[in-house]
Amino acid sequence: MTKKVLGIYESGSIHWVGNAFHVRTMFPTHRLTHQAVSPFLLLDYAGPTEFPATERPRGVGEHPHRGFETVTIVYQGKVAHRDSGGNAGVVGPGDVHWMTAASGVVHEEYQEQEFARTGGTMEMVQLWVNLPKAHKMAAPAYQTLLSEQIPVVELDGGAGFVRVIAGEWEGQKGPARTFTPVHIYDLRLREGGTAELRLPSGGNTLLFLLRGSILLNGTNKLEGEAQIAHLDRQGESVSMAVQEDSLLLVLSGAPIEEPVAAYGPFVMNTQQELLQAMEDYRASRMGHLTAVR
Ligand code: MN
């Protein structure tokens, strides 16, 4: 059975995150609510933005998170990250940085020093993945998924290829460790190609087109840049006819059927837990970064 396209949407708000990431928020929006996108919480698409050379890297300074995971997928440019658990790393094109904030992390996200010095184009996605109640207060963790660790599956007929970041595609498993079942694919599609996307029934599925043009199920067109399709939970397949070279991020996951209480960088189940998160952060119980960058 075919998964129906329930809607195709443009971004919600457009704003700066720090001075490095000019983002379009694809969800949550009034159309794509928590319930429609669970277990995902937020998708910010940063760029493509051209930055002139500078000696001082742009970015977002020390800030906390609790109750979910942040997943940074880099398309262009380089991002340097550091957190209160003592983890640090740089991710570039094709790499993914998967941070499990869980009980609480304080971190910073900057453009990498050398990238800042020469300037260039920054393009990335930051996705927030919710944690079920049972794991919201688990120990924080950190995964750097380098491009070479991410399996690449060629599509039939030269339609392009799929990079399996999380979950699995035709038996190829993505490297990300996840708390609930999710599939995250980075698709690079060629004009004139056709492909069938097979996804489990019962999950929430979103197809985020960074740019290009794809006809879904022969009737619904995703085109231009920064458009997102929301698919029905029922059904297991979507057909794609690629009308221009396209860059597509596919997200699918089993919904977490629990209440969502969100405030800025904290996503919990109740207001009381949010207040506790704010108090724990103020009392330095989520740690701090060491002084030197
Ligand atoms: Mn952050």
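Note that these values count all heavy atoms, side chains included, but never hydrogens, waters or copies made by symmetry. Numbers here simply count residues along the sequence, with the first being 1. Both ligands and their constituent atoms are indexed starting at 1 by order of listing.
The pair E223-R211 fails the salt-bridge criterion, with no side-chain N (NZ, NE, NH1 or NH2) lying under 4.0 Å from an Asp/Glu carboxylate O.
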Kindly indicate, with the supporting measurements, whether the criterion side-chain hydrogen bond (donor to acceptor under 3.5 Å, both in side chains) is fulfilled by E196 and S237. CA-CA 7 Å; E196 182 91 359; S237 74; 3.1 Å; yes

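Paired with E109 under the rule side-chain hydrogen bond (donor to acceptor under 3.5 Å, both in side chains), one option of Q126, H81, R82, H97 passes, and it is Q126.
Using a 30° and 60° split on the angle between ring planes, H135 and F179 fall in the tilted class, from 30° to 60°. Taking the six-membered ring where the residue is Trp, H65 and F68 present perpendicular rings, their angle passing 60° and hence far from 30°.
With waters left out, the protein N, O or S atoms under 2.8 Å from the Mn ion (ligand 1) add up to 4.
Side-chain heavy atoms closer than 4.5 Å link hydrophobic residues (I, L, V, M, F, W, Y) into clusters, and following such links, possibly through other members, connects L274 to M286.
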